[in-house]
Amino acid sequence: RKMPKIAPVFSIKSYGLYTAWDRGSKDLPKIIKHTLDIPAELGVEFGFILSVKKGKGEILEYCIDHPPFCDEDGKVMPPFVGTYFVNSNDFEFFLGDTIWEPADDKRGTWTLVVSYKGKEVARKCFNIF
């Protein structure tokens with residue numbers, strides 16, 4: 001008889017303002033301040049660290065919805081979406097973004113969501129001011 005698969009457990013470990021994140025590194029950024037209010041300053045890193053227990057081999061979807069700003073061609077950019085592959089049973093990842101030029105159009109509400117099998121498991125809304 002096959003054992004029922006244990007559902008992964010999700011928890012937001014920290015959220016807010018972080019140290020600069022090297023996306024090429026395995027090290028996650030460090031929390032500077034737990035807050036949902038983020039100053040619109042260049043290079044500011046914000047988001048959350050999600051802990052996933054018992055989720056090895058699973059795929060998570062993420063969506064970063066942001067205020068309407070345009071790409072280089074003047075087109076309004078859609079939300080940033082993608083997937084994460086959970087590669088261990090005690091997994092953590094950073095979902096976030098940084099403020100870039102021009103900082104003014106990044107002001108407003110940024111909603112960061114992680115879903116598992118179509119169901120939302122984590123959400124934070126940041127106010128960029």
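Numbers for residues simply follow the sequence, beginning at 1.
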Participant: Just how far is it from atom CG of Leu95 to atom SG of Cys63, taken to the nearest 0.5 Å?
Facilitator: 9.0 Å
Participant: What pairs with Asp104 under salt bridge (charged side-chain N to carboxylate O under 4.0 Å, His left out), at least two apart in sequence or on another chain?
Facilitator: Arg107
Participant: For a quick test of reading the model, state the closest non-hydrogen atom pair linking Asp105 to Pro67 and the distance between them.
Facilitator: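 Looks like O-CB, 4.2 Å.
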Participant: Grab the two heavy atoms, one from Ile99 and one from Ala40, that are nearest each other, plus how far apart they are.
Facilitator: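 For Ile99 versus Ala40, the nearest heavy atoms are CG2-C, 4.1 Å.
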Participant: Between OG1 of Thr111 and CG of Asp65, what distance do you get to the nearest 0.5 Å?
Facilitator: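 If I round to the nearest 0.5 Å, the distance is 5.5 Å.
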Participant: Trp21 side chain to Asp97 main-chain N or O, any donor-acceptor pair under 3.5 Å?
Facilitator: no
Participant: Treat each ILVMFWY residue as a node, draw an edge where side-chain heavy atoms are under 4.5 Å apart, and state whether Ile64 and Ile12 are in one component.
Facilitator: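 Yes, because Ile64 and Ile12 connect within a single hydrophobic cluster, where side-chain heavy atoms sit under 4.5 Å apart.
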Participant: Show which side-chain atoms of residues 49-59 pair as donor or acceptor with protein atoms under 3.5 Å away, not counting sequence neighbours.
Facilitator:
{"from": "Lys53", "atom 1": "NZ", "to": "Asp90", "atom 2": "OD1", "distance (Å)": "2.7"}
{"from": "Glu58", "atom 1": "OE1", "to": "Tyr116", "atom 2": "OH", "distance (Å)": "3.4"}
{"from": "Glu58", "atom 1": "OE2", "to": "Lys5", "atom 2": "NZ", "distance (Å)": "3.4"}
{"from": "Glu58", "atom 1": "OE2", "to": "Tyr116", "atom 2": "OH", "distance (Å)": "3.3"}

Participant: Would you name the heavy atoms of Gly16 and Ile31 that are closest together and state the gap between them?
Facilitator: N-CD1, 4.1 Å
Participant: What heavy-atom pair brings His66 and Met77 nearest, and what distance separates the two atoms?
Facilitator: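 That would be CE1-O, 3.2 Å.
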Participant: Roughly how far apart are Phe85 CZ and Phe93 CZ, rounded to 0.5 Å?
Facilitator: 13.0 Å
Participant: Would you say the side-chain atoms of Asp71 pair up with the backbone N or O of Asp73, donor to acceptor, closer than 3.5 Å?
Facilitator: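 Judged by distance alone, yes, a pair lies under 3.5 Å.
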Participant: Show me the side-chain donor-acceptor pairs of residues 122-129 shorter than 3.5 Å, one per line, residues at least two apart or across chains.
Facilitator:
{"from": "Arg123", "atom 1": "NE", "to": "Glu120", "atom 2": "OE1", "distance (Å)": "3.3"}
{"from": "Arg123", "atom 1": "NE", "to": "Glu120", "atom 2": "OE2", "distance (Å)": "2.9"}
{"from": "Arg123", "atom 1": "NH2", "to": "Glu120", "atom 2": "OE1", "distance (Å)": "2.9"}
{"from": "Asn127", "atom 1": "ND2", "to": "Asp37", "atom 2": "OD1", "distance (Å)": "3.2"}

Participant: Check for me, please, whether Val121 and Phe80 land in the same ILVMFWY cluster - side-chain distances under 4.5 Å, paths through other members count.
Facilitator: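 Yes, one cluster joins them.
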Participant: I'd like to check Asp22 versus Asp27 (side-chain heavy atoms, cut-off strictly below 4.5 Å). Are they in contact?
Facilitator: no
Participant: Hydrophobic cluster membership, with links at side-chain heavy-atom distances under 4.5 Å among I/L/V/M/F/W/Y: are Phe94 and Phe48 in one?
Facilitator: no
Participant: Parallel, tilted or perpendicular for Tyr15 and His34, by the 30°/60° rule?
Facilitator: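 Geometry flag for His34 against Tyr15: perpendicular rings.
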Participant: Can you name the nearest heavy-atom pair linking Ala20 to Pro29, along with the distance?
Facilitator: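 Where Ala20 meets Pro29 most closely, the heavy atoms are O-CB, 4.5 Å.
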Participant: With a 4.5 Å cut-off on side-chain heavy-atom distances among I, L, V, M, F, W and Y, is there a chain of contacts connecting Leu36 to Val114?
Facilitator: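 Same cluster.
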Participant: Starting from Leu17, can I reach Trp100 by hopping between I/L/V/M/F/W/Y residues whose side chains sit under 4.5 Å apart?
Facilitator: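 Linked within one cluster.
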Participant: Would a distance-only check, ignoring hydrogens and angles, find a side-chain to backbone donor-acceptor pair under 3.5 Å from Thr83 to Leu60?
Facilitator: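 Side chain of Thr83 to backbone of Leu60, a donor-acceptor pair under 3.5 Å: no, none is there.
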Participant: Take Trp110 and Phe46 through the side-chain contact (heavy atoms from CB on, under 4.5 Å) test and state the conclusion after the steps.
Facilitator: CA-CA 10 Å; Trp110 289 63; Phe46 66 94; 3.7 Å; yes
